[in-house]
Every structure is written in C-alpha cells, then in structure tokens.
Visitor: 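Sending over a structure as structure tokens; questions will come in a sec.
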Amino acid sequence: MTPARPRLETHALAEQNVPRYTSYPTAPHFTKDVGPDTYAAWLEERLGAPPVDAPLSLYLHVPFCRELCLYCGCHTKAIRQQAPLDAYAESLAAEAALVGERLGPRPISHLHWGGGTPSILNGRNLARIVADLDAAFDLTAMREHAIELDPRHLDPALVRVLAGLGVNRASLGVQDFSPSVQEAIGRIQSYEQVARAAAMLREAGIASLNFDLMYGLPRQSVDDVRRSAEQAARLAPQRIALFGYAHVPWFRAQQRLIDTATLAGPAERLRQAGAAREVLLAAGYRAIGFDHFAMPGDDLARAVQAGALRRNFQGYTSDGAEILIGLGASAIGRLPQGFVQNAPDVGGYQRAIAQGRLATVRGVAFTLDDRVRGRIIEALMCDFTVDPQAIAAQFGVNDSFAAERAALAPLAEQGLVSVAGGRVAVTEAGRPFVRLAAAAFDAYLDQGGKRHSVAV
Ligand code: SF4
C-alpha cells in the first residue's frame, strides 16, 4: 500500500490555476470586438429566444467601499466623499434609461446590487435608482431583490429604506470571526456586530440572509474555519457561501500587503474547506454546487432538487432568466447573443453614459461551440454530472469529446471523476475539484497567458 502518492497528486491538482466558471467563455477572453454599437444592436434585435416578455435579471455594480479589505478580489475602491457617489448614482439611473429605451419595458424577475458596498450610495440614492429602474423596466413581478451589505456599516434607518424598496434578500460579508485572522485581512468585525446586523434585517422583514465565509485566509487554521462556520450556522442564515481566498496580487494590488508566509498550502486549504463543509452539513444545510450551502426550504436547495440550479456572475443561482443586464462600471451582462462588459474605470464609464452612449468596452459573441461548451461546463458545475455528447446533440452538433475525456484521465485516476457510457460524473471526493473537470471542456484555457486562482 502506498497511499502517500495519490494524496500528493491530489494536492498538486488543488494547486492548478483554473477559472471559477461563472461564465463561459470566461471574462479574460472577452475582446474589444464587442463595443457599444454591438450591444445596442443586440438589445434592439430582441431575438426570438427567449420570448420578448420573458422576465430578465438586473445586476447593478457599485465599485466603492469605505475602506479596502486586504483580501478583497472585487472591483472596488475606497471613497470618503459623498459627491462622487451621488454622481455615480446619477450615471446608474441614466444607464438604466439608455438600456430600457432599446429593450422596451421588460419585466424584471431578479434585481441584485453588488460591489463594493452598494449601500454606500445612501438610502436616498438607492430609492432614486429604483424609481428610475421602475420607469425603464417593469418591476411589478420582481421575485428577488437582493443586496450585498457590510455588517460594519448598517443602521436601522438604512435597513428601513431597504425594506421599503422591497429588498428581500441580503448578503453579509463575514469571512472569519477569529480576531487574529481579521487583523491579518484588515477587516475587524465582531460576532456581535454580525448578529446585530442579522437581527436588524430580520426585524425589518428582510428574512432571507446569506453569509459569505472564507477559507485559505492569512493566519487562518482549520479550527478557525470550523469555529467560524459553527458561529455562522448559529445565526441561521438561509444560505452560506464558502469561498477559498484567491491570492492574485498581480490582479489586486492591496493583496501585496498580505504576508504569503501566513497563507495555507493546498493540503491545509482542502482540510479547511472540508472542516467547514462538515460543520454546515451537520447543522442541517444542504451542499449547493462546490461552494454554497442552503437550508432545505431555500430556493437554491429547491433548484438543486428540481435540476434547475444555474451559475452566473454571482455564483450559484435559482435565477433561470436568459438575459442579465449589467449596469455600472465593470458590470457584465449576458444576452442570447453573447456577453458584454462595461468600462471598468469609473471615469470612462461615467463619460460614456453622460454622452448618452452605452459604456460597453469588451465582450464576446457566442459561437456555436461556445454555447455547447458553456452548457456542458454549467451542467458540470451545477449538477456534477453531464453527458457532453447529448448536450452537443441538443445544439445539432455531433462531437464525442474524445480529447476532453482523455484530459480527464488524471482526475479519473485519482477517483475524482468517472467517465462511463458517455457520461462524465464528478465523484463525492471530486466535488472540490469540479473546476478542473470543467476546465477539460474549456477551449480557451491557456490562450493568451491568462492567470487564474488555484482550483481549491
Ligand atoms: S471585501 Fe467587501 S467591503 Fe471589503 S473592500 Fe472588498 S467589496 Fe469592499
């Protein structure tokens, strides 16, 4: 018996750099070939599928925070003054009108505020933007109105405004409750602060809560992760997302301040993720995909049961809308024709909108191959099993994916994937490695020397 060799190889697999597959093709492969004119034409085409009255989703990106956390991988910057925030709110409202003019008053099913810290705009601006969205689109059938919140910057007046605007889901950044880890990531927030925020939201009727937890943070141990998961579960949010810290200092400058000597290696990261998973499953949560957990009655858990789980830029979702409109600097949208991304710099974004132009700077028009592979990858990420040939056939394509199956061999040898009768299935042990299985179907991988975060 030589158990050491497979373990080492598994850890080597965990260290491989692969995308998170919140889209396919992934954002690094968007190009300048898609600009504002293409986006306008796509919006105006209103292609046959999906039907023009099918509900769509809106994502609003607010790239500002009061201060920057060292571990942050989001597109955001620190800001103190109110005037630029008011101006940004103005731009969001104007962009909604620009898109609405081209698309018509389509019904919206899901509205998601992300960032950054969207509530930094203040209650008055949030209300103004929702009123403008209401004028540009049809919000009467909205099923979910969600916002990402910072528990350190929440007060009863803001919570009342959010509830009044119809917000019914809130996501709180928690990461880890250990003071030593919090010091290392430059974000101090006590358990009591998070508990108070959760109570405030629930009292106002915003009952669906999500907590974001992390593993792989500087100075973090398995015990820290386990304790934080226990404390989070005690507050009983409907959902918990468990993200591995992605150390990408070439992409996020403030991460250079993190001492790499305090970061866990792949074996330890696997143990940390496993410990959190164990705690959350024991607390009654269901595992959703590879990094989310939900209470049995939650929409995500129901979507898994119904085989309707989807994956988009916010991660796993029960939102089945085929059109996602992204508003704000760096926001990404998805249309039946392809992906579009707004100017990432706030100045460039605001200049375009002020001139009455859409702010698209990059994107990708789907090829037939993109559609087939995108569906295969999404099925793997959501369901952990896929029949690639059958999916290709749904698109009228005949492909046995022989090269992709061969690329899965190292994972199969480790017992992380099984390939039988045309079906690819990720095993229970392989779930943390699902991004690697998905990568076997990624025709763009390694093109252009793009760098990604580690697989686990
Ligand atoms: S982690 Fe959240 S609060 Fe911290 S800088 Fe990033 S977006 Fe802002």
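Residue numbers start at 1 and run along the sequence shown. Keep in mind the model is a prediction, meaning the values are calculated, not measured. Ligands are counted one by one from 1 in listed order, and the atoms in each one are counted from 1 as well.
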Visitor: Between F290 and F384, is the gap from one ring center to the other below 6.0 Å?
Guide: no
Visitor: To which protein heavy atom is atom 6 (Fe) of ligand 1 closest, and what is the distance rounded to 0.1 Å?
Guide: C72 SG, 2.3 Å
Visitor: With atoms numbered from 1 as shown, which atoms in ligand 1 lie under 4.0 angstrom from a non-hydrogen atom of G116?
Guide: 7 (S)
Visitor: Work out which heavy atom in L162 is nearest to a heavy atom in L126; give both atom names and the distance.
Guide: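 Taking every non-hydrogen atom into account, CD2-CD1, 3.8 Å.
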Visitor: Would a distance-only check, ignoring hydrogens and angles, find a side-chain to backbone donor-acceptor pair under 3.5 Å from D132 to I129?
Guide: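 Not at all, since once roles are kept as given, no pair shorter than 3.5 Å links the two residues.
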Visitor: Tell me, which protein residue and heavy-atom name are nearest atom 5 (S) of ligand 1, and how many Å apart are they?
Guide: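 Protein heavy atom with the smallest distance to atom 5 (S) of ligand 1: C69 N, 3.3 Å.
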Visitor: Taking only Lys NZ, Arg NE, NH1 and NH2, and the carboxylate oxygens of Asp or Glu, determine whether E67 and R187 approach each other closer than 4.0 Å.
Guide: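 Salt bridge flag = no for R187 with E67.
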Visitor: Does ligand 1 have a heavy atom under 4.0 Å from the side chain of C65, from its backbone, from both, or from neither?
Guide: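 Under 4.0 Å from ligand 1, C65 contributes side-chain atoms alone.
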Visitor: Does ligand 1 have any atom sitting under 4.0 Å from a heavy atom of Q175?
Guide: no
Visitor: Take every heavy atom of G173, measure it against each atom of ligand 1, and state whether any distance is under 4.0 Å.
Guide: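 The answer is no: ligand 1 sits nowhere under 4.0 Å from a heavy atom of G173.
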Visitor: Check whether the ring centres of F243 and Y215 lie less than 6.0 Å apart, and answer yes or no.
Guide: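 Between Y215 and F243, which both carry aromatic rings, the centre distance is not below 6.0 Å.
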Visitor: Does a sphere of radius 6.0 Å around OH in Y191 hold more than 12 heavy atoms from other residues, nucleotides or ligands, not counting ones at 6.0 Å or beyond?
Guide: yes
Visitor: Before giving the answer on side chain to side chain donor-acceptor pair (under 3.5 Å), spell out for D298 and Q238 the whole-Å C-alpha distance, their side-chain angles and the decisive distance to 0.1 Å.
Guide: CA-CA 6 Å; D298 183 82; Q238 274 70 13; over 6 Å; no
Visitor: Numbering the atoms of ligand 1 from 1, which are under 4.0 Å from a heavy atom of L68?
Guide: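 Contacts of ligand 1 toward L68, numbered from 1: 5 (S).
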Visitor: I need the nearest protein heavy-atom contact for atom 1 (S) of ligand 1: residue, atom name and distance, please.
Guide: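 Of every protein heavy atom, Y71 OH, 3.3 Å lies nearest to atom 1 (S) of ligand 1.
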Visitor: Between E148, Q189, R66, R187, which one has a non-hydrogen atom sitting closest to atom 2 (Fe) of ligand 1?
Guide: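 Nearest heavy atom to atom 2 (Fe) of ligand 1 lies in R187.
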